[in-house]
Structure formats: structure tokens, C-alpha cells
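I have placed the structure first, in the form of C-alpha cells, so that the comments after it can refer back to it.
Since this is a predicted model, take the numbers as computed values, not measurements. What's counted below: heavy atoms across the whole structure, side chains too, no hydrogens, waters or symmetry copies.
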Amino acid sequence: LLAFTAFSGLRLVSYLPQICKVARDRNGASAISYSTWTLWTGCHLSTGLYAIVNLSDLLLAAASVLYALCCLAVIALTATKRRRLAASRAGLESKIGSR
């Protein structure tokens with residue numbers, strides 16, 4: 001239980017550097033895979049549901065929801081970065097084309 005708790009805490013903290021990296025990225029977060037982060041989100045949500053339904057473990061469910069929220073933050077930031085990069089490139093192309 002102690003090892004599980006320790007590693008769960010480390011997992012939660014480990015999302016923060018990834019979120020910060022995506023937030024600072026200027027290249028559309030090209031290294032982020034939507035499919036991987038969506039899979040991790042689904043895994044965390046299904047673990048949370050399992051914890052509630054089958055184990056009645058609200059602490060595990062809450063931790064799983066926090067992990068899923070971190071994954072969703074990465075996905076949302078990536079989508080925002082990619083939209084902004086595409087809009088920036090489209091604006092640049094239209095300026096070059098109008099010359």
C-alpha cells in the first residue's frame with residue numbers, strides 16, 4: 001500500500017512537467033500523440049469506475065480521475081497549440097501569397 005501510494009503521488013506530479021512543456025511549446029506540440037494520451041485517459045477513467053463500482057474505493061477513484069484530468073489537460077493544450085500553429089502558418093502563407 002505504501003509503494004502504491006508513493007508511486008501514485010509521483011505519477012500525479014510527473015504530469016506537471018509534461019503539461020508545462022506542452023504549454024511552452026512553439027511547434028504545435030508535435031511530439032504529443034493524441035491516441036496515446038486518449039488511451040491513458042480511458043485507462044484512468046475505467047480504473048476510477050472500477051474502483052467505485054467493484055471496490056467502493058473512493059480514494060482510488062479520485063486519484064484515477066485526477067490522472068485522467070491531467071491527461072485531458074495535455075490533450076487540450078496540444079489541440080490549442082496545433083490550432084494556433086496552423087492559424088499562424090495560414091496567416092503567413094496568405095501574407096506571402098499576397099505579395
Side-chain angles (χ1 to χ4, degrees):
L1 179 61
L2 182 61
F4 177 77
T5 303
F7 282 108
S8 292
L10 288 172
R11 182 191 329 181
L12 185 59
V13 173
S14 74
Y15 286 114
L16 296 178
Q18 185 69 57
I19 291 168
C20 290
K21 280 275 200 188
V22 173
R24 282 184 254 149
D25 186 277
R26 298 190 188 280
N27 297 311
S30 60
I32 300 298
S33 167
Y34 282 129
S35 59
T36 299
W37 284 91
T38 301
L39 177 66
W40 289 342
T41 302
C43 289
H44 294 316
L45 290 175
S46 63
T47 298
L49 285 172
Y50 182 85
I52 289 173
V53 173
N54 294 316
L55 304 176
S56 300
D57 188 338
L58 295 178
L59 188 58
L60 178 58
S64 296
V65 169
L66 281 175
Y67 304 148
L69 289 173
C70 289
C71 290
L72 289 172
V74 170
I75 293 168
L77 281 169
T78 299
T80 300
K81 291 291 184 170
R82 289 182 184 174
R83 275 195 301 272
R84 286 183 184 163
L85 182 64
S88 173
R89 286 182 177 167
L92 183 61
E93 288 174 4
S94 69
K95 284 182 183 178
I96 292 171
S98 64
R99 288 184 186 191

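Partners of Ala68 under the side-chain contact (heavy atoms from CB on, under 4.5 Å) rule, at least two apart in sequence or in another chain, are Thr41, His44, Leu45. The ring pair (Phe, Tyr, Trp, His ring centres under 6.0 Å) test applied to Tyr15 returns no partner, not counting sequence neighbours. Taking the side-chain hydrogen bond (donor to acceptor under 3.5 Å, both in side chains) definition, one finds that Ser35 meets it with Ser33, sequence neighbours left out.
Atom-to-atom distance recorded for Thr5:OG1 and Leu10:CG is 11.0 Å, nearest 0.5 angstrom. In this structure, CD1 in Ile32 is found 9.5 Å from CG in Leu77, a value given to the nearest 0.5 Å. Atoms OG1 and CG, from Thr47 and Leu55 in turn, are 10.0 Å apart once rounded to the nearest 0.5 Å. Taken from CZ in Arg82 to CG in Asn27, the straight-line distance is 11.0 Å, to the nearest 0.5 Å. One finds the CG atom of Leu12 at 10.0 Å from the CG atom of Leu69 (value rounded to the nearest 0.5 Å). In this structure, CG on Leu58 lies 6.5 Å from CD1 on Ile52, to the nearest 0.5 angstrom.
Note on Leu85 and Ile75: separate hydrophobic clusters, where clusters join Ile, Leu, Val, Met, Phe, Trp and Tyr whose side-chain heavy atoms are under 4.5 Å apart, directly or indirectly.
Nearest heavy atoms, Gly48 versus Ala61: O-CB, 3.6 Å.
A 4.5 Å side-chain heavy-atom check between Cys43 and Tyr67 finds every atom pair outside the cut-off.
With Lys81 contributing its side chain and Ala23 its backbone, the two residues share a donor-acceptor pair below 3.5 Å. A side-chain donor-acceptor contact under 3.5 Å links Ser64 to the backbone of Leu60.
For CZ of Arg11, the number of neighbouring non-hydrogen atoms (other residues, nucleotides, ligands) closer than 6.0 Å is greater than 12. Crowding of Tyr34 atom OH: a count of heavy atoms from other residues, nucleotides or ligands under 6.0 Å exceeding 12.
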